[in-house]
**Student:** 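The following block contains the structure, expressed as structure tokens.
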Amino acid sequence: MLTRLMILGGALLATSALLTSVLACPFCAAVSQTFSQEIESMDAAVIATLVEAPEPSADGAGVEATFEIKQIIKGKDLLKDTKSIKSLYYGEGRKGRDFLILGTEPENMMWSTPTLLTERGVKYINDVVKLPATGNDRYVFFQDYLEDEDEMLARDAYDEFANAPYSALHDLKPKMKHDQLVKWLKTPDIAANRRRLYFTMLGVCGSKDDLKMLETMLESPERTDKAGLDAMIGCYLTLAGADGLPTIEKLYLANKEAEYADTYAAIMALRFHGTETDIILKERLLESLQLMLDRPSLADLVIADFARWEDWSVMDKLVKLFKEANEETSWVRVPVIRYLMACPKPEAKEYLIELEKIDPDAMKRAQTFFPFQSQAVPTRADGEKMAAAEKMLAMADVDDNQLPPEEETEAKADVAPVAADVASTKSGQETAMAKHTVTRDEPTGDGDRALAAAINGNPNTNDSTAQAVGILQRIQSTAIPLVMTFALMLAISGILWNPANKTSL
């Protein structure tokens, strides 16, 4: 149950990212705003020297310090002849050191907390503000600072790549430093988020000669060797193509002993290839994902992909999973209903009527989370359909206090596949890209690690992918997901759990 809630949290973060991000590195998530973004968002930016600072306060609060402006990076017309500024300062013993300080509100300039810079940091800031907004020259520059000895510069360079259009990595291919990437990937203490970037870059500039190294990592029993596994698998399949799928199937999809986090990483990598590249035929990827239907407790992770990619061949098997669901696999029911709602085949409507009789509560929940229903959705057994406005009103009337804590946790878990589906469906050049740690029931220690949602919507993506999503689902995934998920979280326990009817849980 803990796993489902963690996935839900990651999906909600991904939904937020969906509304604000553009297509970027498929397996990377920026740690913070870059220097470029911060300077661009402010009215003024200066490099200033600390000349006077009172003694630090006993409670650790900031003290007003005086800084002498050494260089105006931005806002010369606003600062004019200003020679010094005052800003809150946290720290001691840095008199004479240089800081980056940002200002906003020109009429009454408010200055940010100063950021301490080394000499190299000062040069870095001056070089960054001169870079073009896009293009190879920009990323060639930042490539030289990845894993820099100055951690602040290394982090900023990573964030620049994490925010870069995925196409920029392909443009950078002739100037990528392949051997350096391999060296970093073989270094055990490289952070997982950076390994994801380096695997993604290796997928661009690598060759089949790198497959042996990647296979060794994939098969390694050491958890550190498999940090950033989703990007590693994505890289492996990029270089190996469809010939690499049997290895992934054996290790993570068909292997019922595989850790949940590893299996989930493999699904993310396949989803990436199905929406971002045309290296492997979608039909072949679907064959791999169908192996998950032999693992009922995890089947819900891939059902949305079958609907999104219009694979209606698994309909009968999904209906069987619904009918045979037990306490360990009950969360498969809502995704199955949603799959049938999206299916245009007449059999789907017949199945929906049949399955509603088995679990009417699952049908209600599926319709609640599927406001834009397809033509396959049947009229409810009582001859009425629950309108979206009525559903939201009903949610508002539920008393959350009626749920026992442990049952509330289980109820929240049921929404995870739905929220994850929303987060992974995109249109145009938008992306849902959020890291989140996943575990399953029992934490796996070092085996639990961040997983990144795969990218959709690349301009080079096959048109059939975009068509498969459907116009209405695109609207749902780009215009209202954040509002919907927020509203649903407010009353999730009441709408998902009915103490009088537990057949679907």
Side-chain angles (χ1 to χ4, degrees), residues 20-21 24 29-134 137-164 191 193-194:
T20 58
S21 302
V31 176
S32 60
Q33 275 197 315
T34 64
F35 283 125
S36 297
Q37 291 171 329
E38 290 180 338
I39 292 172
E40 177 65 25
S41 66
M42 292 295 185
D43 297 304
V46 301
I47 293 176
T49 303
L50 177 63
V51 295
E52 181 183 347
E55 290 297 320
S57 62
D59 60 0
V63 295
E64 189 176 68
T66 302
F67 296 82
E68 182 179 300
I69 295 178
K70 184 175 181 179
Q71 179 186 357
I72 298 177
I73 300 295
K74 180 181 180 182
K76 291 182 179 181
D77 56 329
L78 299 174
L79 297 175
K80 298 179 181 179
D81 297 328
T82 303
K83 300 298 183 183
S84 65
I85 60 175
K86 292 184 181 295
S87 177
L88 288 180
Y89 175 66
Y90 299 82
E92 57 183 329
R94 293 188 174 95
K95 185 175 181 178
R97 297 290 298 275
D98 291 335
F99 295 79
L100 173 67
I101 311 178
L102 307 175
T104 187
E105 301 295 336
E107 295 182 359
N108 184 23
M109 194 69 74
M110 300 175 61
W111 295 100
S112 68
T113 302
T115 299
L116 180 65
L117 298 175
T118 61
E119 289 186 14
R120 294 182 70 252
V122 172
K123 182 180 183 303
Y124 179 88
I125 295 296
N126 276 279
D127 289 340
V128 164
V129 296
K130 297 174 184 176
L131 292 173
T134 58
D137 289 344
R138 182 175 186 86
Y139 300 108
V140 166
F141 172 83
F142 288 116
Q143 182 178 224
D144 290 337
Y145 284 91
L146 293 171
E147 299 304 319
D148 191 87
E149 60 184 16
D150 186 330
E151 175 58 28
M152 183 172 65
L153 306 187
R155 183 176 63 249
D156 190 69
Y158 164 80
D159 286 339
E160 285 283 352
F161 272 97
N163 291 326
N193 61 342
R194 296 186 187 178

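Quick note: residue numbers are just sequence positions, from 1.
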**Student:** To the nearest 0.5 angstrom, please state how far the CG atom of Asn126 sits from the CD1 atom of Ile47.
**Tutor:**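 So the gap between those two atoms works out to 5.0 Å.
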**Student:** Would you list the atom pairs, donor with acceptor, under 3.5 Å between side chains in residues 75-87 and any protein atom, with sequence neighbours excluded?
**Tutor:**
residue : atom : partner : partner atom : Å
Thr82   : OG1  : Leu79   : O            : 2.6
Lys86   : NZ   : Thr66   : OG1          : 2.8
Ser87   : OG   : Ser112  : O            : 2.8

**Student:** Just checking, is any N or O donor in the side chain of Gln37 or Asp159 under 3.5 Å from an acceptor N or O on the other one?
**Tutor:**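 Absent: no donor and acceptor within the cut-off.
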**Student:** How long is the gap from CG on Asp98 to NZ on Lys70, to the nearest 0.5 Å?
**Tutor:**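 So the CG of Asp98 and the NZ of Lys70 are separated by 3.5 Å.
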**Student:** Identify, with sequence neighbours excluded, every residue that meets salt bridge (Lys or Arg N to Asp or Glu O under 4.0 Å) alongside Glu149.
**Tutor:**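 Expected list: none.
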**Student:** Specify the closest pair of heavy atoms between Phe161 and Gln143, including all atoms of both residues, with the distance to one decimal.
**Tutor:**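 So the two residues come closest at CE1-N, 3.6 Å.
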**Student:** Show the numbers, then the answer: is there a side-chain contact (heavy atoms from CB on, under 4.5 Å) between Val129 and Lys74?
**Tutor:** CA-CA 9 Å; Val129 296; Lys74 180 181 180 182; over 6 Å; no
**Student:** Kindly give the heavy-atom pair with the smallest separation between Met152 and Leu116, and that separation in Å.
**Tutor:**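 The pair with the smallest heavy-atom distance is CE-O, 3.5 Å.
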**Student:** Could you tell me the separation between the CD1 atom of Ile101 and the CD1 atom of Ile73, rounded to the nearest 0.5 Å?
**Tutor:**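 Nearest 0.5 Å value for the CD1-CD1 distance: 12.0 Å.
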**Student:** Is Asp156 close to Tyr145 at the side-chain level, that is, under 4.5 Å between some pair of heavy atoms?
**Tutor:**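 They are not in contact (no side-chain heavy atoms under 4.5 Å apart), so the answer is no.
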**Student:** Measure across Gly103 and Met109 and return the closest heavy-atom pair with its distance rounded to 0.1 Å.
**Tutor:**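 Taking Gly103 first and Met109 second, the nearest heavy atoms are C-SD, 3.6 Å.
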**Student:** Going through the distances and angles, do Phe35 and Leu100 end up as a side-chain contact (heavy atoms from CB on, under 4.5 Å)?
**Tutor:** CA-CA 10 Å; Phe35 283 125; Leu100 173 67; 3.7 Å; yes
**Student:** Here's a test for you: under ring-ring contact (aromatic ring centres under 6.0 Å, His included), which of Trp111, Tyr90, Phe67 qualifies with Phe99?
**Tutor:**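 Only one option passes, and that is Phe67.
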**Student:** Would you mind reporting whether Thr115 and Glu38 have side-chain heavy atoms less than 4.5 Å apart?
**Tutor:**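 Not in contact.
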**Student:** Assess whether side-chain contact (heavy atoms from CB on, under 4.5 Å) is satisfied between Glu52 and Glu68, documenting all intermediate values.
**Tutor:** CA-CA 9 Å; Glu52 181 183 347; Glu68 182 179 300; over 6 Å; no
**Student:** Measuring from Thr118:OG1 to Arg97:CZ, what's the distance to the nearest 0.5 Å?
**Tutor:**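 Separation between the atoms: 8.0 Å.
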**Student:** If the condition is salt bridge (Lys or Arg N to Asp or Glu O under 4.0 Å), which residues does Asp144 pass it with, not counting sequence neighbours?
**Tutor:**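 Partners of Asp144 under the salt bridge (Lys or Arg N to Asp or Glu O under 4.0 Å) test: Lys177.
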**Student:** List the residues meeting salt bridge (Lys or Arg N to Asp or Glu O under 4.0 Å) with Asp127, not counting sequence neighbours, and say none if there are none.
**Tutor:**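 For Asp127 the salt bridge (Lys or Arg N to Asp or Glu O under 4.0 Å) partners, ignoring immediate neighbours, are Lys123.
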**Student:** For Arg138, what residues pass the salt bridge (Lys or Arg N to Asp or Glu O under 4.0 Å) criterion, not counting sequence neighbours?
**Tutor:**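 With neighbours one apart ignored, the set is Glu160.
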**Student:** Can you name the closest pair of heavy atoms from Leu131 and Asp137 and give their distance?
**Tutor:**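 Result for this residue pair: CD2-O, 4.2 Å.
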**Student:** OG1/Thr104 to CG/Leu102 distance, rounded to the nearest 0.5 angstrom?
**Tutor:**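 That separation rounds to 9.5 Å.
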**Student:** Closest heavy-atom contact between Ala157 and Tyr124?
**Tutor:**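 Reported closest heavy-atom pair: N-OH, 3.7 Å.
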**Student:** Would you give the length of the straight line joining atom OG1 of Thr49 to atom CD of Gln71, rounded to the nearest 0.5 angstrom?
**Tutor:**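 Spacing of OG1 (Thr49) from CD (Gln71) equals 10.5 Å.
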**Student:** Filter on salt bridge (Lys or Arg N to Asp or Glu O under 4.0 Å), then keep only pairs touching residues 111-121, sequence neighbours left out; what's left?
**Tutor:**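 Listed by first then second residue: Arg120-Asp148.
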